[in-house]
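As the structure lists them, so they are numbered: ligands from 1, and atoms in each ligand from 1.
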Amino acid sequence: MFDYKHSVIYQIWPRSFFDSSHDGIGDIQGIIRKLPYLKKLGVDAIWICPLYQSPNDDYGYDISDYYSINPEYGTMADLTELIHKAKDAGLQIIMDLVANHTSTKHKWFQEALKDPSSPYRDYYYFREGRNGQPPNNWLSFFGTSAWTKAEGNMYYLNLYAETQADLNWNNPAVRIAIQNIMNFYLDMGVSGFRMDTINTIDKKEGLPDKNPDKEGLQFADDYITDRENVRVWLKEINEKVLQPHDAFALGEGIMVTPEKVIEYTKPSHHELNMMFQFDLITLGYGELGKYDCRRLYHYSHADFKRITRLWQTQMLKNDGYIGNYLSNHDHQRSLNHFGDVHLYRSRSAKMLALYNFALYGTPFIYQGEEIAMVNPHLKESDWKDYECLHSCQAMTSILGIPPFIAKILSSLVTRDNSRTPVQWNASANAGFTDAKPWMMVNPDYQKWNVEQQMNDPESVWNFYHRCIEIRRSHEALCTGDFQEILADHPSVLAFYRTDEKEKLLIIINLSKMPASIHLPAMQGSDILSNCPSVKLKEHMHLKPYEAHLFLIH
Ligand code: GLC
């Protein structure tokens, strides 16, 4: 298995990465063309979001054939070429495995639909409705009922879009089918999988109503996440598929707690190697998720610090392991969420990079983050994302937000924000395509693009490059202990990363306001900073978003 604890992983959302075929849509040959770029940036592995055949209701997360490639992205031969060229360049390929559900266009579902006695019927959750209503009161993650009518009074379960039917993992045939798919891609040479929404594959037995006393649709929460069999089925996959291939597995853990991540990732449990948690990325959201605007998307730096502290200490103490990320294809751009896109765009982007690279856990870079890409100003007519299109209505129907406000808020949080094409250079369409791009390009590309930033030694891109080098040359950042200081400071996060050889001190002002701190007396050199380097002193004044990494002598 590749050394994932000493790696940096770059996430590609293929549709918007690079178009080589002149159709305005990113593709596999486009990724191949950019391998030297990724190598130059210094990453070790690439996680590629789904490339499989899909009707694209959820842009690849609705798979209609696991064994073929979406023609918009290329062919199986292209994928083979990518895997080989990446390997030659020393880059690992991590595929996305979407196995909680399939597209309703998948032949399994089509067979199940056509013929109730087909063996495929039990691949899914088909249930009778109740008095003209769905079989239970569960809310989907996309703001609608988790049940869709198949025919007559028969419904099928879909925790996501209505065209993403949940697979019934209780059926051994389903588990074998998934294992076969994994074997197929591992045999082709991929290094492992990011397993989509993997902690929702087991549902509460009998699929009962959640909060039966309450009216309306209910978020099913502990009825659909981290149920007992998830671990049983992961152990089965680990033994039958991952171990024989010495392959890597990263799980997306919907609303997962540190305790659960420890269970899934403790090496002696033989389940997953790493997980994504959601605590930081959902900061400011209400309890129903990103379209729940009841907290007005406000969060405090104390919350940011508390979450960091919790996950760092728990993972290190209990042998759990996470991947650290600040944005991905499911959330707005990290700079809009945690930084400042106006006055301090470069500085706050570097601050976030320093934060992410200084933590215990593997750092992820989401495409475009390395050049400080930000949310475009989206209008309703620019929306493409299923989640946004449906959850915006749910803001009104479930939360009672007036439609015109719901639309404004949806534009701020929609996943479309992070799905605009990567800005490669200042030429037309940001150099992403020479055709009409499938989605709007952020008009700021003339100033904010890869080419410009690679040539500027002070750029965010060069800062990322330096973060990767620093992480590589300081083992304590990868595996060292985490010890927080200034825990009560309202906006400055400060911690040591230490191993037997070295001690590093990280100081980060999370705020757009200046801050003062008082430190214990010590000597150190500033080895990475987003402001001119400074001397480590007992009293320090930090500018907005100022961040430093000191090597303590
Ligand atoms: C995961 C994916 C997201 C997708 C959902 C359903 O959360 O990251 O993009 O919509 O699963 O597959």
Side-chain angles (χ1 to χ4, degrees), residues 9 11-17 47-64 66 70 94-106 109 124 138-144 146 148 156-167 169 178 181 193-201 203 219-220 224-226 230 249-256 272 274-282 285 288-291 323 325-334 364 366-367 383-392 394 413-420 439:
I9 305 182
Q11 181 193 350
I12 291 181
W13 199 71
R15 203 170 184 81
S16 287
F17 189 63
W47 151 35
I48 309 174
C49 289
L51 293 166
Y52 320 86
Q53 180 85 279
S54 161
N56 273 336
D57 292 328
D58 192 17
Y59 292 113
Y61 284 92
D62 47 328
I63 299 174
S64 52
Y66 290 91
N70 180 342
I94 300 166
M95 293 285 276
D96 218 309
L97 181 80
V98 188
N100 176 72
H101 44 262
T102 70
S103 161
T104 49
K105 297 258 163 54
H106 194 288
F109 190 85
Y124 298 91
W138 296 358
L139 179 68
S140 79
F141 287 110
F142 290 161
T144 51
T148 301
Y156 62 88
L157 179 69
N158 57 277
L159 294 184
Y160 290 88
E162 60 182 53
T163 54
Q164 290 168 304
D166 277 58
L167 282 167
W169 279 63
I178 299 298
I181 293 161
F193 298 94
R194 174 262 188 192
M195 300 167 88
D196 189 61
T197 188
I198 198 66
N199 64 334
T200 61
I201 54 178
K203 284 86 178 162
F219 186 46
I224 53 169
T225 54
D226 304 313
V230 177
L250 152 66
E252 185 195 30
I254 307 291
M255 297 177 331
V256 86
L272 298 170
M274 184 193 295
M275 269 201 122
F276 284 142
Q277 50 92 3
F278 277 61
D279 285 2
L280 204 62
I281 204 79
T282 55
Y285 301 167
L288 295 179
K290 77 166 81 74
Y291 286 84
Y325 67 103
L326 290 165
S327 66
N328 62 24
H329 65 295
D330 287 334
H331 298 274
Q332 60 170 316
R333 288 278 173 189
S334 52
F364 281 72
Y366 175 59
Q367 65 185 35
W383 298 351
K384 306 230 177 263
D385 174 27
Y386 182 102
E387 180 190 62
C388 178
L389 295 165
H390 290 76
S391 298
C392 177
V413 293
T414 170
R415 308 192 291 188
D416 292 311
N417 281 308
S418 58
R419 296 177 175 187
T420 59
M439 188 187 190

Per-atom filter on ligand 1: closer than 4.0 angstrom to a heavy atom of R415 are 3 (C), 4 (C), 9 (O), 10 (O)

Please tell me whether T102 and Y124 have a donor and an acceptor in their side chains that are separated by less than 3.5 angstrom.
yes

Quick look: R194 vs ligand 1, heavy-atom contacts under 4.0 Å, and the answer is side chain

Filtering T197, I63, V98, D196 for the heavy atom nearest atom 11 (O) of ligand 1 leaves D196

* **N/O separation below 3.5 Å, Y160 to ligand 1** => no

Note to self: Quiz question: by atom type and distance under 3.5 Å, do the side chains of D62 and T163 form a donor-acceptor pair?
What the structure shows: no

* Are the aromatic rings of Y285 and Y291 close, with centres under 6.0 Å apart? -> no

field: Aromatic contact, W47 with Y325 (centres under 6.0 Å)
entry: no

**Prompt:** Any chance NZ of K105 has more than 12 other-residue heavy atoms, nucleotides or ligands included, within less than 6.0 Å?
**Reply:** no

Given the options Y386, Y61, F142, Y160 meets ring pair (Phe, Tyr, Trp, His ring centres under 6.0 Å) only with F142

So the atoms of ligand 1 within less than 4.0 Å of a heavy atom of H329 turn out to be 2 (C), 3 (C), 8 (O), 9 (O)

Looking only at protein heavy atoms, what sits closest to atom 4 (C) of ligand 1 is D58 OD2, 3.3 Å

Side chain to side chain donor-acceptor pair (under 3.5 Å) test vs T200 passes for just one of T225, N100, D166, namely N100

Ligand 1 atoms nearer than 4.0 angstrom to some heavy atom of H101 are 6 (C), 12 (O)

Residue, atom and distance of the protein heavy atom nearest atom 8 (O) of ligand 1 read D330 OD2, 2.4 Å

Ligand 1 atoms nearer than 4.0 angstrom to some heavy atom of F142 are 10 (O)

CG (N158) and OG1 (T104) are apart, to the nearest 0.5 Å, by 9.0 Å

Note: ligand 1 atoms sitting under 4.0 Å from heavy atoms of Q164 are 6 (C), 12 (O)

Nearest non-hydrogen protein atom to atom 7 (O) of ligand 1, with distance, is E252 OE2, 2.9 Å

